[in-house]
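Below is one structure, written out as structure tokens; comments come after it.
Here the structure is a predicted model, which is why all the values come from computation and not from measurement. So you know, we letter chains A, B, ... as the sequences are listed, proteins then strands, and number each from 1.
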Protein chains: 2
Amino acid sequence: MIHVVDDEEPLRDALAWLLRSRELDCRTHASGEEFLAWLARDRTGQAEPGAVLLDVRLGGISGTEVFDRMRAQALAPAWPVIYLTGHGDVPMAVEALKQGAFDFVEKPFNDNSLVDRLMAALAESRRRLAESAEAGRREERLAGLTAREREVLALVLEGCYNKVIADRLGIAMRTVEVYRARVFAKMGVRSAVELARLFGEREEP
Amino acid sequence: MIHVVDDEEPLRDALAWLLRSRELDCRTHASGEEFLAWLARDRTGQAEPGAVLLDVRLGGISGTEVFDRMRAQALAPAWPVIYLTGHGDVPMAVEALKQGAFDFVEKPFNDNSLVDRLMAALAESRRRLAESAEAGRREERLAGLTAREREVLALVLEGCYNKVIADRLGIAMRTVEVYRARVFAKMGVRSAVELARLFGEREEP
DNA sequence: GCGCCCATTGTGGATTTCCACAACGCCGAT
DNA sequence: ATCGGCGTTGTGGAAATCCACAATGGGCGC
């Protein structure tokens, strides 16, 4: 789903037509406020791949302000933003990209070029969603651990022997074994190596 | 060390003066060919933090071509490139950043702004060098493993028991223990967990 | 009060990991 | 021929890990 945010109705319609002719689903928004309100209301659609075509100069709040809010409020984080502008200059474009925009296109644009960029943005969206899903599953499993289990997890990830963990937590080695087994079961792993690889170089939260 | 690549001598001199007044070491190059030849000759300086100020329009090969060659030949990979241009447009700037340039600045530029960007580039350079040093150490240690030790490493990272590894490689379990111990020693770790974290989610090479 | 969850611990026994000390054969470089 | 490295293996014993089966006490929600 491509979201078009532009206050010029003829352009919105032309873009909608172009996207539909390329078999891309799209939804248009006449202002930044309208788009942000829609984002705040509909959170489920944000789990699907998508991208945003965002005009820099909007009637109400600017496109840049829309983007800043999306990021600040984690709205549709998996949807790359492509800026559209009829009056852009180099510093503006550079700053937009450095702030994390996916692309920056001047109007009038070449249809094929824009569609290519949108396809690239959708591919990026799918990548972000996959990454986010995995992180979500890991966080969900982590959330199921008790405080004590988390403590043991942290020490296991340091490579400590059960005996050392027991000493450090002031409990019996048998208890460490119990927690260790529970952590493995809840995290869906069969060994400390699998657990370590699940977290990679990240510290446990 | 900041490298200035520009065919206009007055600008090179002005930039050198500006950088020195801010206590930044710099070296100037009058053409892309000169800079590339210098890079090919002096590899040791590339282990120090640095950045490149690269004019887009050069007399011989273009700044863009210089950048492409730096990346293709892995020349000074730790040095971020900031493009300078007096005739840039939005698509050029966007493309440059999407190709991996660190920044893009139009002439005439604001002194303070340019220096800020260079400081940011030097910080990025230090980050890249640190990351590269760590990867280098890991690769160096990996290079010290025999073929057999690598095979055992791969299976250890899958979380296999020594007994399973022995079955799969058609050797005695005692032999697996020997290789395992050697892998740990050579990689500088004390446990399979430390080893797994060293590689994170990466597959062993 | 009852049930559930959490934290904790024990027994007994099996399996896995670790390693000092020892050894052999093959291959390539000197 | 000698040496060093690689791949391989054994003995014996200690330490670490794993877990079925069992249990206790405290806190919380119904």
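Atom C1' of nucleotide C:dC6 and atom CD of A:Glu151 are separated by 13 Å, given to the nearest angstrom. The nearest whole Å value for the distance from the CZ atom in A:Arg182 to the P atom in C:dC6 is 7 Å. Atom CZ of B:Phe184 and atom C1' of C:dC18 are 10 Å apart (whole Å). As rounded to whole Å, 12 Å separates atom P of C:dC18 from atom CD of B:Glu194. Between A:Arg150 atom CZ and C:dC6 atom C1' there is a gap of 15 Å when expressed in whole angstrom units. Protein atom CZ of B:Arg190 is 13 Å distant from nucleotide atom P of C:dC19, rounded to whole Å.
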Which side-chain N or O atoms in residues 160-177 of chain A pair as donor and acceptor under 3.5 Å with protein atoms at least two apart or in another chain?
from: A:Asn162; atom 1: OD1; to: A:Arg180; atom 2: NH1; distance (Å): 3.0
from: A:Arg174; atom 1: NH1; to: A:Glu177; atom 2: OE1; distance (Å): 3.1

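For the pair A:Ser125 (side chain) and A:Ala78 (backbone), a donor-acceptor distance under 3.5 Å is present.
A distance of 4.5 Å separates CG in B:Leu18 from CG in B:Asp111, rounded to the nearest 0.5 Å.
Residue B:Glu177 is the one, among A:Val178 and B:Glu177, whose nearest nucleotide of DNA chain D lies closer to the 5' end (criterion: closest heavy atom). Judged by closest nucleotide on DNA chain D, B:Gly144 is the one of B:Met173 and B:Gly144 placed further toward the 5' end.
Along DNA chain D, read 5' to 3', the first and last nucleotides having any atom under 4.0 Å from a heavy atom of chain A are D:dA16 to D:dC21.
Salt-bridge check for A:Arg197 with A:Glu194: failed, with every basic side-chain N at 4.0 Å or more from each acidic carboxylate O. Ion pair B:Asp55/B:Lys107 flagged as a salt bridge, since at least one NZ, NE, NH1 or NH2 atom sits closer than 4.0 Å to an Asp/Glu carboxylate oxygen. B:Arg128 and B:Glu131 are not joined by a salt bridge, as no carboxylate oxygen comes within less than 4.0 angstrom of a charged side-chain nitrogen. Comment: B:Arg127 engages B:Glu124 in a salt bridge, judged by a side-chain N to carboxylate O separation of less than 4.0 angstrom.
The aromatic rings of B:Trp79 and B:Trp38 sit parallel, their planes meeting at an angle under 30°, below the 60° perpendicular limit.
Looking at B:Thr146 and B:Arg182, their side chains never come closer than 4.5 Å, going by heavy atoms from C-beta outward.
A:Thr146 comes within 4.0 angstrom of the backbone, heavy atoms only, and of no base.
For A:Arg148 and C:dC6, the shortest distance from a side-chain N or O to OP1 or OP2 is not below 4.0 Å.
Within residues 158-167 of chain B, the residues having any heavy atom under 4.0 Å from DNA chain C are, by residue number, B:Tyr161, B:Asn162, B:Lys163.
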